Q: 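Would you mind keeping the following structure in view while I ask a few things?
For reference, positions follow the sequence shown, starting with 1. Bear in mind the structure is a predicted one, so any value in this text is a computation, not a measurement.
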Amino acid sequence: MNDTSSGLPQLGQWNDMADVQRLQEKQLPQTVAWATRSPFYRERLNAGALPTTAADLAGLPLTTKQDLRENYPYGMLGVPQERVATYHESSGTAGQPTPSFYTEEDWADLAERFARKWIGMSERDIFLVRTPYALMLTGHLAHAAGRLRGATIVPGDNRSLAMPYARVIRVLHDLGVTLTWSVATECLLWAAAADAAGYRPDADFPALRALFTGGEPLTEARRKRISRIWGVPLIEEYGSTETGSLAGECPHGRLHLWADRALFEVYDPQTGAVRVEGEGQLVVTPLYREAMPLLRYNLEDNVSVSYRDCGCGWGLPTIQVLGRAAFGYQVGTAKINQHRLEELVFSLPDAYGVLFWRAKATPAQLRIEIEVPDEHREAARAELAALVRTAFGVDSDVVGLSPGGLVPLSVLTSMSDVVKPRSLFGPDEDWDKALLYY
């Protein structure tokens, strides 16, 4: 499964964005034709000539998450059910989940995009997939990309009773896992669980080559801290259940949009203006999506897109995913946002051992809680309060909690009972375990 025989564009097959735009324009008529097969786009596109260029496409209204919800379950489907390989739904963190369908051919595109990791993936790798499988795309996507490159997959899942953190650490260590896929917070939890098991993350997992991460905003300070803890690069990517991977990190640490596989626009919800770069909400038209084509789909993610050259030579635009960085809460005269606050927390000296934190912002007060060992507690509290005062101009109530105050030790060390249905027990067995299944 190592070769990429899909016939889709591959990295290195173009010299600059002009070449990429020619690839886009060549594929776009096919994408639009696929879209006309779905009930939703058949109705939207029946008023006139079908768009054949990016300029034509810009005349169509944006497709919204609400459009997907209102056309649940089959209104966006553009192929017969017999051709659908998988069905997925988004996590629903921003409201009612949105549906997604993919054919086998769509999956070739999905897996190839995820597999574009600069550090490489091969049959020599043991790849721990530690994101949800279930209805979400993320676990299945990494699994498929790993198999495409011949890697051995460890389907670790997430939020599963069958895979507690103690078991994750055992698998990471005993199998010699080389690559992982998770949200960045998982990497911090693994570090704490490894410590609880008597391991040093940077010394006792010598096979580990890289940590793949996505799915949550990540500041540079936290990224560097995680890399130092584990002694390997943290490689980020960006995407969604509705689209799959949309951007991946190059060796220079910048996220590049996969513009050979999709058209991208930046929408300003305040003015309604749409541009090819700048700050706003990301709008995407996947070019090789047949089961459920999306034309000008607004992901509603706040991003910054740039076409400035990058030293990697990929010739693709770059994206910074702002997440909630553009938003915040008022405390006195200052607006506090998570992105800046996280930068401050993870700029504390590594020796303080601060991995977990939370904060609550009210108009009158900013309260921050950090887990920190006793011997560093006062220094960490004072230093973080000073950093906040300098950055935001407000005083804060920084509370130092003992390790386990935010993430209980039992979460990191316990092994949950996972049982199959059973009703008859012997005299020396705990028959209350029958109820654990239900």
Side-chain angles (χ1 to χ4, degrees), residues 69 72-74 77 81-82 84-102 104 107 110 126-147 151-177 179-183 185-199 205 215-216 241 356 371 403-438:
R69 293 171 185 138
Y72 168 88
Y74 294 117
L77 183 61
Q81 179 270 316
E82 306 89 81
V84 174
T86 61
Y87 170 77
H88 303 274
E89 291 182 1
S90 62
S91 62
T93 54
Q96 180 183 343
T98 54
S100 288
F101 299 88
Y102 294 98
E104 286 291 347
W107 266 104
L110 288 171
I126 299 176
F127 184 25
L128 172 67
V129 178
R130 180 63 175 173
T131 58
Y133 280 67
L135 277 178
M136 293 177 66
L137 185 72
T138 172
H140 304 278
L141 177 57
H143 191 119
R147 292 303 305 126
T152 299
I153 306 299
V154 182
D157 202 0
N158 191 15
R159 321 309 300 168
S160 168
L161 289 175
M163 198 69 178
Y165 286 103
R167 193 170 191 176
V168 171
I169 296 306
R170 177 178 61 77
V171 166
L172 278 170
H173 180 268
D174 294 356
L175 294 186
V177 167
L179 300 171
T180 68
W181 165 238
S182 69
V183 295
T185 297
E186 279 279 317
C187 302
L188 294 172
L189 289 164
W190 300 342
D195 182 69
Y199 294 120
F205 302 83
E216 65 172 326
T241 287
F356 308 117
E371 274 194 16
L406 292 177
V407 179
L409 183 62
S410 60
V411 171
L412 305 173
T413 60
S414 66
M415 293 292 287
S416 303
D417 279 312
V418 181
V419 297
K420 294 181 179 180
R422 182 181 173 193
S423 299
L424 178 63
F425 292 79
D428 299 323
E429 294 181 301
D430 179 6
W431 71 339
D432 285 337
K433 286 190 174 182
L435 301 177
L436 292 178
Y437 180 79
Y438 302 103

Q: For W190, check ring pair (Phe, Tyr, Trp, His ring centres under 6.0 Å) against everything at least two apart and list the hits.
A: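 Expected list: none.
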Q: So, for L179 and V177, which heavy atoms are closest and what is the spacing to 0.1 Å?
A: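 Closest pair (atom of L179, atom of V177, distance): O-CG1, 3.2 Å.
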Q: Tell me which pairs pass salt bridge (Lys or Arg N to Asp or Glu O under 4.0 Å) where either residue lies in residues 130-143, with sequence neighbours left out.
A: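 Qualifying pairs, neighbours excluded: R130-E186.
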Q: Can you pull the salt bridge (Lys or Arg N to Asp or Glu O under 4.0 Å) pairs that have at least one residue in residues 425-436, sequence neighbours excluded?
A: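 For residues 425-436, and leaving out neighbouring residues, the salt bridge (Lys or Arg N to Asp or Glu O under 4.0 Å) pairs sorted by first residue read D417-K433, R422-E429.
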Q: I'd like to know whether CD of E216 has more than 12 heavy-atom contacts from other residues, nucleotides or ligands below 6.0 angstrom.
A: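 Enclosed.
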Q: Could you tell me which non-hydrogen atom of W181 sits nearest to which non-hydrogen atom of T138, and how far apart they are?
A: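 Nearest pair, atom of W181 first, then T138: NE1-OG1, 3.0 Å.
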Q: Which residues satisfy the side-chain contact (heavy atoms from CB on, under 4.5 Å) test with S416, sequence neighbours excluded?
A: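 If we apply the side-chain contact (heavy atoms from CB on, under 4.5 Å) test to S416, skipping adjacent residues, the hits are L161.
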Q: Taking atom CG of L424 as the centre, report whether more than 12 heavy atoms of other residues, nucleotides or ligands fall under 6.0 Å from it.
A: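 No, CG of L424 has 12 or fewer neighbouring heavy atoms, counting only those of other groups under 6.0 Å.
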Q: Could you verify whether a donor N or O on one side chain and an acceptor N or O on the other, from E89 and S100, lie under 3.5 Å apart?
A: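 Checked: E89/S100 side chains show no N/O donor-acceptor pair below 3.5 Å.
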Q: Please list, chain by chain and in numerical order, all residues satisfying ring pair (Phe, Tyr, Trp, His ring centres under 6.0 Å) with H173, sequence neighbours excluded.
A: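 Partners of H173 by the ring pair (Phe, Tyr, Trp, His ring centres under 6.0 Å) criterion, ordered by chain and then number, come out as Y199, F205.
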Q: Can you sort out the partners of F101 under ring pair (Phe, Tyr, Trp, His ring centres under 6.0 Å), two or more places apart, ordered by chain and number?
A: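 Result, ring pair (Phe, Tyr, Trp, His ring centres under 6.0 Å) vs F101: Y74, Y87.
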Q: Looking at every non-hydrogen atom in both residues, tell me the closest pair between A197 and I169 and how far apart they are.
A: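 That closest heavy-atom pairing would be CB-CG2, 4.4 Å.
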Q: Please give me the minimum heavy-atom distance between A196 and L409, naming the atom from each residue.
A: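 Distance-wise, the nearest heavy atoms are CB-CD1, 4.0 Å.
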